[in-house]
Each structure stands twice: as C-alpha cells, then as structure tokens.
Engineer: 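Pasting a structure here, questions to come.
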Amino acid sequence: MARRQGEAVRTRRSGGIRRVVVVAGVLVLAVALLSGCTRTVHGRAVSIYDDPFKVAGLPTTSGPSGPRAGAPNSTLTAQDSDGGQVDHLVLNALDDIQTYWQGEFPLEFGGVFSPVGKFISWSAKTPRSQAGQFCGESSYRLVNAAYCRLDGSVGWDRGVLLPAVADEFGKMSVVMVLAHEYGHAIQEMAKLVGRRTPTIVKEQQADCFAGAFIRNVAEGKAKHFTINTSDGLNAVLAATVAFRDADPDDPQNVHGSAFERVTAVQIGFTDGPKGCKAIDQNEIDRRRGDLPQTLGNDSGHGQSDVNQANLQELTKAMAAIMPIPDEPKYSYGSAKLNCRNGADTVPVTYCPATNLIGTDVPALHDRGVSNADDQDALPADVTGDFTAYIVFISRYTLAVQHAAGLPLKGAKTGLRAACLSGVISGKLADPNRSKSQGDISLSAGDLDEAVSGLLSDGLAASDTDGKTVPSGFSRVDAFRAGVLGTQDTCYSRYT
C-alpha cells in the first residue's frame, strides 16, 4: 500500500528464475466477474456458488495430483530429447492437451483441429558449443518454455526451468506451463490474434485456455494426469502467482499481475474456451478500472510499515468505504480476546459479543514483511504489507456481516469475508477518496500479495472461528469477485 510520509521504506526488486523472452508466448503462467454462472437442477436455475464446498461447480476433492499411475507414456516425440523423465512428463501432458483440443476446437471455433507437429526439448545447462536451436535462437542458457510462431513449434527447457517448477509446485504445474504454451498455438489456429494484438491479451488468453484444460483434468477426462480441487489446484494457482509480472514498471513485463493471471485461469476453468474468446484489450481494461498499474514515484515501492498508525488510517478508509451503523471498536495490544462466541484468530480477531477487533500488531507486522529481496528462485509465497492488511480488512468484514444480521460461522461466512475484503481493496484504489477518509491507498502488487495469502492459509477467507474452505481457488475466486464487483455481488453469491 502507499506509505505515509516520514516512515521507513523497504525496496522491492523483481525476483525469480531468469526468463528469456524469445517469442510472444514466453512462459509466464497464469477472474472476470462471472456473476451469471448457473446450472439447472430439476428445472430450477442454481448458482454454481450455492455450495461453498464446490469449486466452480465441481466437488472439492483431495487425493492424488499429477501423473496417473500405470498410464502408458505417449508416443509423441521431441527433437533433441534426452528421453528422460521430464520429457516424458511433458510429452504426456502435450498428448492430453492435444486430445482435449481435438474435441473442443471444432465446437468453439469451427474447422478442423491441426495438432502441433514439432516439439523441441533442450537443457539450459548444456555448454554453448553443444546447444541447439529454438525459434531461431541458441538454447544456450535459455530458461524458458514457449510457442514459436515462426515454425509453429512448442519448446521447453528440461534442465533448469521445468525441474524447478515441478520441485516447487508439483508436476501438475509443469502441465499447466505446457497448456499455456499450447494455448498460443490455439490462438493462431483460431485466428484470434494478429501482429497488432497486445501481448497482454495473448498471454491472458493463453492463461485462460490453460485453465479450461485444467478443468478437463479435474473432471477426470485426461488419460495421463489427474488433479484434486483442493491442494492440487491450489499449487497450480500458486505457480501462476510466482510467474507474475513482479515489477509493474519494467517495460518488458507485459504479461499481467498475479491477480490478472489468476483471473484469466479462473475464467477458463469456470467458463471454458468460450470465456477465453471474450478476452481482449477492452475486457482487460474494464477489469483494471482504477486498479493501480504502476508504482510511479512511490519511494516505498508499494510497501508500508504495518504499524498502529497505518492500521488506524485503514480503519478510517474501511468505515468510509463500507460504513455500518455500529462501527467496531479496536484494540492494538493483543488478538487474544477470549471471546465467548468466536475463536482467537491471531494476529487479528473479531469478537461479535463485544464488537471488538483485537490486533497483535507485532505479529501482523511480521506477516506483512516483503520477501521480494529473498526471491532468488521461484517464490512459493509472495508476501508484503497487503498480506497483513487483507487479514485486518477481513475481520472488519465480519463486523459488517454481524451488522447485517448474517451468520458468522460457516463456509459462506468465510467466502463473504473474502469477497467483501475484495470490495474494500478495490475501493482503496479510488482516486476520489479524500485523505480524511483514510490516508492510505492500494498500490500495484497489493492484490498479488492478497491472492498469495488466500492460497497459502486462507485466514482472510475465514469465519469467526478461523475456519475456511479447503479450496484456495474458491477463496481467491470470492476475493476477486469483490474486487471486480460490489457488496451486492458478495451477498448474492454467498447468502
């Protein structure tokens, strides 16, 4: 968030694995508001959000995620392959992806589906003298995966990039990488993009196509892979966050924030390829609205110190954005309130009985320390001041629900909290809000930190007992619905 004058600052830099831009469609992984999503049960339209324990209409499942035991390897081959486990994993993924599009392409785009005919594997560790070629360039130290428009090929680094993705986020995240790259091939076949199409449109549409394929896997329709809709899907989305554009002011970062990329993946997962076709620059601009896209001259690089003074400014902002007749009281000495009708949810607790929000400021501060300077590899979590602020905001939204006479325990309570927190977060970007209504505002990167926190522990999507739904997908989906919607959106979805 934008810092207040006079406070200490920390710098932020872009971290992560080195990514080399070779073609439009480089590896950067990946939700528009879908308030009208319904299904019909016995003649009655039912929202896919009616059951909070479902994930975009699918049951929340546990169990295995990754390669199916006993599934035979694909007969697909790759140029320069070493025949190792990584290439087998990738070729099996490509086999399932092509099978999926063989059925979907004619339905969504008409015409005949033509599978990609050339796959290229390399290792970024290979000495320069032995390196091969991909898309007209040497594969020496090329840590990347991409679709090449020059020859219609898909290529990947089996030596550095994909092993790192698999180690940090699981093998299904490697599948997601290939589904994204194949999405660029689909764009070309369907003539959805051209030379003048903005890169961000191409990338988010490819993220969306990847999300559509991942749903196919979640439905049990893939030959080589399976994924559960709890921690399995959470890990895929965490990888999407890791491959965000970390520095919004870097002119080479034109693929989207984590919030935007997760948005695109969730559009595909929820609405399928049809939803992906609707992604264009106008659609992206509508989603962005007033959300900050640059850090500008912010000397704090989007980071502020999580202290009592800033929290008090945030309370003013929350009261102005989402006022209630009986505003909660605040204490900043402890989050252990021993509430008779709620649990302690350290570092911030809301007690309905006393209408009090108690905060352990040092603990909340620790939660909000940026890890940008520690990201020498793929970050499993993206933390910063808003990782802390979003939890504080979510406890206020429990007071909002209390004032509205809504239940304060249960899955829908937690998802409403996440959604209402999204509404407040989005309104913090309003340039017309006066300083008297809280001298604090949303910064570029804040929503990414919120999304990462929602995936990692979901405290910002929990009820007064600290309980949340197991699906990070659902928690993030609720949050982004609020960011892109209104208070009414949250009540209509989760009541």
Side-chain angles (χ1 to χ4, degrees), residues 31-42 44-63 211 214-215 218-219 227-234 236-237 262-263 265-267 269-271 341-343 345 350 352 390-391 393-402 404-425 450-451 453-495:
V31 209
L33 186 61
L34 302 172
S35 57
C37 293
T38 61
R39 66 186 190 279
T40 300
V41 178
H42 301 302
R44 178 174 64 91
V46 178
S47 169
I48 63 172
Y49 306 105
D50 273 4
D51 186 342
F53 291 102
K54 288 196 172 182
V55 183
L58 297 180
T60 300
T61 57
S62 56
I214 292 296
R215 180 172 186 120
E219 291 175 342
I227 188 170
N228 69 58
T229 53
S230 51
D231 58 350
L233 191 54
N234 292 358
V236 168
L237 292 181
V262 169
T263 290
V265 171
Q266 291 195 307
I267 291 173
F269 192 93
T270 304
D271 251 15
N341 58 350
T345 57
Y350 172 64
I390 193 63
V391 174
I393 292 170
S394 75
R395 300 307 88 179
Y396 177 78
T397 67
L398 292 175
V400 172
Q401 295 183 60
H402 184 48
L406 294 167
L408 297 182
K409 298 183 190 296
K412 285 193 175 182
T413 298
L415 292 176
R416 276 196 304 270
C419 187
L420 293 169
S421 298
V423 174
I424 292 174
S425 298
V451 167
L454 286 162
L455 287 172
S456 62
D457 66 17
L459 183 56
S462 66
D463 64 8
T464 51
D465 283 340
K467 295 180 180 178
T468 187
V469 296
S471 168
F473 184 104
S474 296
R475 299 192 294 256
V476 172
D477 193 34
F479 175 72
R480 63 96 184 166
V483 172
L484 302 173
T486 65
Q487 212 166 331
D488 288 341
T489 303
C490 302
Y491 292 143
S492 63
R493 270 193 177 200
Y494 303 113
T495 302

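Side-chain atoms are counted along with the backbone in the values below, which use heavy atoms only and exclude waters and symmetry mates.
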Engineer: My understanding is that only residues two or more places apart in sequence, or in another chain, count here; which of them pass side chain to side chain donor-acceptor pair (under 3.5 Å) with Ser421?
Structural biologist: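 Ser421 satisfies side chain to side chain donor-acceptor pair (under 3.5 Å) with no other residue.
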Engineer: Give a yes or no on whether a salt bridge exists between Arg493 and Asp477, defined as a side-chain N under 4.0 angstrom from a carboxylate O.
Structural biologist: yes
Engineer: Looking only at non-hydrogen atoms, find the nearest pair between Asn234 and Ser471 and report the distance.
Structural biologist: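 Taking Asn234 first and Ser471 second, the nearest heavy atoms are OD1-C, 3.8 Å.
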Engineer: Is it true that a side-chain atom of Arg475 and a backbone atom of Thr468 form a donor plus acceptor pair closer than 3.5 Å?
Structural biologist: no
Engineer: Applying side chain to side chain donor-acceptor pair (under 3.5 Å), can you list everything that pairs with Lys409, at least two apart in sequence or on another chain?
Structural biologist: Asp465
Engineer: For the residue pair Ile214 and Leu233, establish whether any side-chain heavy-atom pair is separated by less than 4.5 Å.
Structural biologist: yes
Engineer: Should Arg416 and Leu406 count as side-chain neighbours, where that means a heavy-atom distance under 4.5 Å?
Structural biologist: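 The answer is yes; the side chains approach within 4.5 Å.
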Engineer: Hey, does Ser462 have a side-chain heavy atom less than 4.5 Å from the side chain of Lys467?
Structural biologist: no
Engineer: Got a second to check how far Tyr396's OH is from Ile424's CD1, nearest 0.5 Å?
Structural biologist: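 Reported value, rounded in 0.5 Å steps: 6.5 Å.
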Engineer: Is there side-chain contact between Val400 and Gln487, with at least one heavy-atom pair below 4.5 Å?
Structural biologist: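 Yes, at least one pair of side-chain atoms sits under 4.5 Å.
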Engineer: For Ser492 and Thr489, indicate whether the former's side chain and the latter's backbone hold a donor-acceptor pair under 3.5 Å.
Structural biologist: yes
Engineer: Would you tell me whether Asn228 and Ser230 have side-chain atoms, one donor and one acceptor, within less than 3.5 Å of each other?
Structural biologist: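 Side chains of Asn228 and Ser230: pair found under 3.5 Å.
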Engineer: So, using side chain to side chain donor-acceptor pair (under 3.5 Å) as the criterion, who are the partners of Thr464 when residues are at least two apart?
Structural biologist: none
Engineer: Taking Arg395 for its side chain and Tyr350 for its backbone only, find out whether a donor-acceptor pair lies under 3.5 Å.
Structural biologist: no
Engineer: Heavy atoms only: give me the nearest Cys490-Gly482 pair and the separation to one decimal.
Structural biologist: SG-CA, 4.2 Å
Engineer: Give a yes or no on whether the backbone of Pro407 and the side-chain of Thr413 come within a donor-acceptor separation of less than 3.5 Å.
Structural biologist: yes
Engineer: Would the distance check show the side chain of Thr60 and the main-chain N or O of Phe53 forming a donor-acceptor pair, the cut-off being under 3.5 Å?
Structural biologist: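 Indeed, once roles are kept as given, a pair shorter than 3.5 Å links the two residues.
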Engineer: Heavy atoms only: give me the nearest Thr270-Ala56 pair and the separation to one decimal.
Structural biologist: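 Heavy atoms of Thr270 and Ala56 come nearest at OG1-CB, 3.6 Å.
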Engineer: Kindly indicate, with the supporting measurements, whether the criterion side chain to side chain contact (heavy atoms under 4.5 Å, CB included) is fulfilled by Thr486 and Val423.
Structural biologist: CA-CA 6 Å; Thr486 65; Val423 174; 5.6 Å; no
Engineer: Quick one: are Arg215 and Leu58 in side-chain contact, heavy atoms under 4.5 Å?
Structural biologist: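 Yes, their side chains come closer than 4.5 Å.
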Engineer: According to salt bridge (charged side-chain N to carboxylate O under 4.0 Å, His left out), does anything in residues 454-463 pair up with another residue at least two apart or in another chain? List the pairs.
Structural biologist: Arg367-Asp457
Engineer: Within the 4.5 Å heavy-atom criterion, are Val236 and Ile227 side-chain neighbours or not?
Structural biologist: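 Touching, per the 4.5 Å side-chain cut-off.
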Engineer: Closest heavy-atom contact between Lys412 and Thr495?
Structural biologist: NZ-C, 4.2 Å
Engineer: Run the numbers on Ser425 and Ile393 for side chain to side chain contact (heavy atoms under 4.5 Å, CB included), then give the verdict.
Structural biologist: CA-CA 8 Å; Ser425 298; Ile393 292 170; 4.3 Å; yes
Engineer: Check whether any side-chain heavy atom of Leu398 sits under 4.5 Å from a side-chain heavy atom of Pro352, and report yes or no.
Structural biologist: no
Engineer: Decide yes or no for Cys419 and Tyr494: does some side-chain heavy atom of the first lie under 4.5 Å from some side-chain heavy atom of the second?
Structural biologist: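 Cys419 reaches Tyr494 side chain to side chain.
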Engineer: Could you pull out all residues at least two apart from Phe269 that satisfy ring-ring contact (aromatic ring centres under 6.0 Å, His included)?
Structural biologist: Phe473
Engineer: When you measure from the side chain of Thr61 to the backbone of Thr229, do you find a donor-acceptor pair of N or O atoms at a distance under 3.5 Å?
Structural biologist: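 Yes: the side chain of Thr61 pairs with the backbone of Thr229.
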Engineer: Tell me, please, which residues at least two apart from Thr397 pass side chain to side chain donor-acceptor pair (under 3.5 Å).
Structural biologist: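 Side chain to side chain donor-acceptor pair (under 3.5 Å) check on Thr397 returns nothing, list empty.
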Engineer: Considering non-hydrogen atoms only, spot the tightest contact between Leu454 and Ala418 and give its length.
Structural biologist: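 Closest approach of Leu454 to Ala418: CD2-CB, 4.5 Å.
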